[in-house]
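Structure, as structure tokens:
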Amino acid sequence: MSQQPHIIDDQLLAKYLSGEASPEEAMQVAQWLEADPGNMALFHQISAAWNEFSTGEPHQLPDKQLFWSTIKQQLNQPEKQQPSGKIWMMRIGIAASFLLIISLLIRHFNSPGNTQPPVTADQLVHRQTADDIVKETLPDGSIVNLAAYSGISYPARWKGNRTVTLTGMASFDVQSNAADPFIVKAGPVTIKVLGTNFFVYQDSAEIKVNVHTGKVRMYGGGDSLTLLPEQQGIYDIKEKRIDLVEPYPQRLSKEVKALNFQNTTLREVAQALEDHYGVDIIFENRELAHCTISAGFDNQSLDYVLEVISATLNIKYRKDNKNVYLSGKSCE
Amino acid sequence: MEGLHRYAWTILRNNEAARDAVQSVFLKLWEKRSTLDEQQSVQSWLYTSVYNFCLNVKRNETVRMKYAAEQQVQPASAVYTDHLLSKEQQQQIRDALNSLPPQCKLIFHKSRFENMKYAAIAEELGISIKTVEAQIGKALKILRERLSHVLAMIILYATL
């Protein structure tokens, strides 16, 4: 791997994976994971290998809704004795206040380096993705497709310029409004657009912007560049310089492709792949259509996706121009 | 919440137990909300509480038995968690583990396969806990380096 995300101390990570980490060490790991989407990906990889030969169930996060609703229930029927002298609010009031505190806490965790919960007069909206892809509609109707392990924040009500702050990667579809420029802050880079469709990529070394339609002005480290359709601006963090690439490489895809399957039948998966990649998928064994799979892909090539599916379900695939043939006995 | 659950899982090795731990800690946070020091980091409080709660669970035999009995069976449909690797990848990992230097390999085995705590390993082998930490860290490093090309192919959905 040419671009290695910053690796955390091996000893620390080993301690964490072995369940020997102290709370402080666990927080260090948590902060490292949040620092860069690449770190989370790397962690998953290492964790997979590390836990490969363990007996027992693998780690799985609980259902979020259920998790919080169970807590709410417990609040409404407190089993423990109530603190003396306190006047309890109405049941709904308790749950609502609780959720408000929790949402502040969650926001607090999601902004690295923050030591206080951000309680500002102008409410800041924050969206953070884990392994999912999220489509967010902004107050002016602009659309942001957030890739995995990315985050976006913006004021609930814009006053003047339309500004959003981005970590990670996203594609944008910005409503035209010459009076109010749309501004994306991606690390040290500022991207100013009037009405356009573009894609932003960030990692620890570079920030890249691909313009699909419209016009974008990119500022970073004292340098600036205007980008037209099919052009890509690459900001090198070390060099503090923006370079122009034209046309932008197709590999960085146009839109963040949201392929997210949760116990989805292979028939539906095939349909999604046909739509996204413009291929035809043929089941040589019709029974395979009933197999189910849970997996998430962001910005991956068709080959990559097929590799995963065939490895997961233990089936074979064969590509022939625009046709993909799926065969195999049955899924495991 | 996710980070806390992950941390709890590394200690308890059980998803439901981890969930209960994190839920209990949040409930306790609510109870204590007025007494919490404003300067104190809430994150720090949460992680410390989860840690203490989990250690308590481990100490309590009856609670552990309850979770052991309820442990989930792997679902029939193929769910991608960070446990699933192809046979080739599994073999490569096995090879990498076999290639560890002797003391490193021994200590690593005791930790991963005999589920021994660092302190227990240190005591049994008559070495310091720091040595155990270093050796297991070394094992991770070697695993990482030997498997970097393999790991790139691992796709992890996970609900992490």
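Below, chain A is the first sequence line, B the second, and so on; all start at residue 1.
- Here the closest heavy-atom approach between residue D10(A) and residue L140(B) is recorded as O-CD2, 3.3 Å.
- Atom CE of M116(B) is separated from atom OG of S18(A) by 13.0 Å, given to the nearest 0.5 angstrom.
- Looking only at distances, a side-chain donor or acceptor of Q23(B) sits under 3.5 Å from a matching main-chain atom of F67(A).
- Y51(B) places no side-chain N or O within donor-acceptor distance of the main-chain N or O of E24(A), the cut-off being under 3.5 Å.
- For the pair E16(B) and Q60(A), the minimum side-chain heavy-atom distance is 4.5 Å or more.
- Two residues are said to be in side-chain contact when any heavy atoms from C-beta on lie closer than 4.5 Å; W68(A) and M1(B) meet this criterion.
- Closest non-hydrogen pair, P58(A) versus W9(B), comes out as C-CZ2, 3.7 Å.
- Counting heavy atoms from C-beta outward, V50(B) and P23(A) have side chains that stay 4.5 Å or more apart.
- With a 4.5 Å cut-off on non-hydrogen atoms, L12(A) does not touch chain B at all.
- Here the side chain of N15(B) pairs no donor or acceptor atom with the backbone of P62(A) at under 3.5 angstrom.
- Separation of atoms CZ (R144(B)) and CG (L13(A)) is listed at 8.0 Å; rounding is to 0.5 Å.
- Taking 4.5 Å as the limit, some side-chain heavy atom of R6(B) sits within range of a side-chain heavy atom of F43(A).
- Rounding to the nearest 0.5 angstrom, the gap separating the OG atom in S24(B) from the CD atom in Q74(A) is 7.0 Å.
- When all heavy atoms of Y47(B) and A30(A) are compared, the pair lying nearest together is OH-CB, 3.4 Å.
- In this structure, NZ in K117(B) is found 4.5 Å from CD in E20(A), a value given to the nearest 0.5 Å.
- Y7(B) approaches S22(A) most closely through the heavy-atom pair OH-C, 3.2 Å.
- In this structure, N51(A) and R13(B) have side chains that are in contact, with non-hydrogen atoms separated by less than 4.5 Å.
- Heavy-atom proximity under 4.5 angstrom to chain A picks out nothing from residues 120-129 of chain B.
- Using a 4.5 Å heavy-atom threshold, the side chains of T10(B) and L17(A) count as separate.
- Atom OG1 of T48(B) is separated from atom CE of M27(A) by 6.0 Å, given to the nearest 0.5 angstrom.
- With rounding to the nearest 0.5 angstrom, the CD atom of Q135(B) is 9.5 Å from the CD atom of Q11(A).
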